[in-house]
There are 2 protein chains.
Amino acid sequence: MGAKRGPADPARRERIMAATERILLRGGIAALSHRAVAREAGVPLGSTTYYFATLDDLLDAAIRRLSERYALRLHAWGAALGDLSRAGLVEALADLVEALVREDRPALVLSFELSAAAMRRPELRDAALLYAETECEVLRVHTDERTARALSRVLDGLLLHSLAAAVPPTRADITGPLAALLTPGE
Amino acid sequence: MGAKRGPADPARRERIMAATERILLRGGIAALSHRAVAREAGVPLGSTTYYFATLDDLLDAAIRRLSERYALRLHAWGAALGDLSRAGLVEALADLVEALVREDRPALVLSFELSAAAMRRPELRDAALLYAETECEVLRVHTDERTARALSRVLDGLLLHSLAAAVPPTRADITGPLAALLTPGE
DNA sequence: TAAAACTGTGTACTAGGGTACACAGAATTG
DNA sequence: CAATTCTGTGTACCCTAGTACACAGTTTTA
């Protein structure tokens, strides 16, 4: 009945967080439970509550990691861009949208879920805001603050519809609004 | 023990749906349960399962009503607009965004929650799509199809950030992208 | 080395919830 | 009016789940 292993096993905590991420990506916030995580991580139920006393702790930790991963992803995208023209930025952004939808769909879905959840649960607000904040940060390298925020809003609209719509936006549907936004002259 | 009332009581069904709407608006999809609805409607638990065998039936019915209400709202907005210039449409749309955020926040929050939920639950897709579909329908009166869809996407981005952001978009933040989108000339 | 502190686990308590269903009045039908 | 059907309820079964907690090895400390 007692423990089999010795003292602090840092891998345990790690494995639990990784399992939590997988659960969230696969089934969303609604699928998160101590038991599901324990099963996924292959650890006893008690372990999950030992490292993360409450569900919110677990959720917080996992979301923090996921948003960090997303931030890395975006910064990598930003770093890969050289100096480019307006048109070049538009194409690059469209590439980003298409790549995210294609390759990171679960993470995107989760981020929207999180945004919605944060509207009711203030404790999630900071985590949810991180996504948009990161977008702006990366975009600010190529545009001014104001434009970066505007782009972030439009990008989220495009991403949302790319995930949710019956017929997703075409390439032109994506580049159109972005180009309009980046083209000066009222 | 036995029933007290006679035959079909159409008000019952009605009251249960109304209660479901209130639950959803107040606490979101996660707050929905037969028991919560029964409590809210002041009917016994059995009533809710009698009229709506499963939770999904209940959810479907309530969402259908809510999206119909939203459609009415949008159509009313559209009907109140006369023939107007591009600039006039931009201002009207900005008014709409601000009014929705101010006066219909719970319904908006729910619609985003629904969009996110529909990404995982195909049975909710149709209901979730209705919102965007309605937007397009109303906008199509004033613009072409392509522009209507683009506007719908941008509007959703603006609404999302208006609800979620730490500092919501200003009036100029709202009119900017809309004007850009409606101003021809690449 | 004895005691205190820490790391884990197994189990159990409590709450909430979906759904089935037996049953009871009321209405309808023949 | 008897039988059948419909409307509606109360209850109960079974599951999931959060969390507390006693307890057991292990390590550290005095």
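In what follows, chains carry the letters A, B, and so on, assigned in the order in which the sequence lines appear, proteins first and then strands, with residues in each chain numbered from 1. Predicted model only: the values in this text are computed from it and were never measured.
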Participant: Using whole Å, report how far CG of A:L55 lies from C1' of D:dG18.
Facilitator: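 Between C1' of D:dG18 and CG of A:L55: 7 Å.
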Participant: Tell me: OH of A:Y50 to P of D:dT26, nearest whole Å?
Facilitator: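 Roughly 15 Å, once rounded to whole Å.
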Participant: Take the protein atom CZ of A:F52 and the nucleotide atom C1' of C:dT9, then report the distance between them rounded to whole Å.
Facilitator: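 In whole Å, C:dT9 C1' lies 17 Å from A:F52 CZ.
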Participant: Look at the side chain of A:R35 and the base of D:dG18, then say whether one donor and one acceptor between them are separated by less than 3.5 Å.
Facilitator: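 Answer is yes: a donor-acceptor pair is held.
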Participant: Just how far, in rounded Å, is P of C:dG10 from NE2 of A:H34?
Facilitator: 16 Å
Participant: Roughly, in whole Å, what's the span from CG in B:L59 to P in C:dT19?
Facilitator: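 From B:L59 CG to C:dT19 P: 12 Å.
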Participant: Can you see if the side chain of B:R39 gets near the phosphate of C:dG16 - specifically, an N or O under 4.0 Å from OP1 or OP2?
Facilitator: no
Participant: Reading DNA chain D from 5' onward, which residue's closest nucleotide shows up sooner: A:A36 or A:G46?
Facilitator: A:A36
Participant: D:dG18 C1' sits how many Å from A:L45 CG, rounded?
Facilitator: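 Taking atom C1' of D:dG18 as the reference, CG of A:L45 is at 9 Å.
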Participant: When you look at CZ of B:R64, are more than 12 heavy atoms from neighbouring residues, nucleotides or ligands closer to it than 6.0 Å?
Facilitator: no
Participant: Between D:dT7 atom C1' and B:Y51 atom OH, what is the distance in whole Å?
Facilitator: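 Going from OH in B:Y51 over to C1' in D:dT7 covers 7 Å.
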Participant: What does A:T49 touch in the nucleic acid at a heavy-atom separation under 4.0 angstrom: a base, only the sugar-phosphate, or nothing?
Facilitator: base
Participant: Test B:R149 against every option in B:E133, B:E137, B:E135 by the salt bridge (Lys or Arg N to Asp or Glu O under 4.0 Å) rule and name the one that passes.
Facilitator: B:E133
Participant: Quick one: label A:L32 by what it contacts on the DNA or RNA (base, sugar-phosphate, nothing), any heavy atom closer than 4.0 Å.
Facilitator: sugar-phosphate
Participant: Please confirm whether the shortest side-chain N or O distance from B:S47 to OP1 or OP2 of D:dG8 is below 4.0 Å.
Facilitator: no
Participant: Can you measure A:R13 atom CZ to C:dC6 atom C1' for me and round it to whole angstrom units?
Facilitator: 15 Å
Participant: Under 4.0 Å between a side-chain N or O of A:R12 and OP1 or OP2 of C:dT9?
Facilitator: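 Result: yes.
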Participant: What class does the angle between the rings of B:Y70 and B:Y131 fall in, given that below 30° is parallel, 30 to 60° is tilted and above 60° is perpendicular?
Facilitator: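 Correct class here is tilted.
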Participant: Please find the pair of heavy atoms, one from B:A92 and one from B:L81, that lie closest to each other, and give the distance.
Facilitator: CB-CD2, 3.6 Å
Participant: Check B:R73 against B:D104 and note the closest heavy-atom contact, atom names and distance.
Facilitator: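 Heavy atoms only, the tightest pair is NE-OD2, 2.8 Å.
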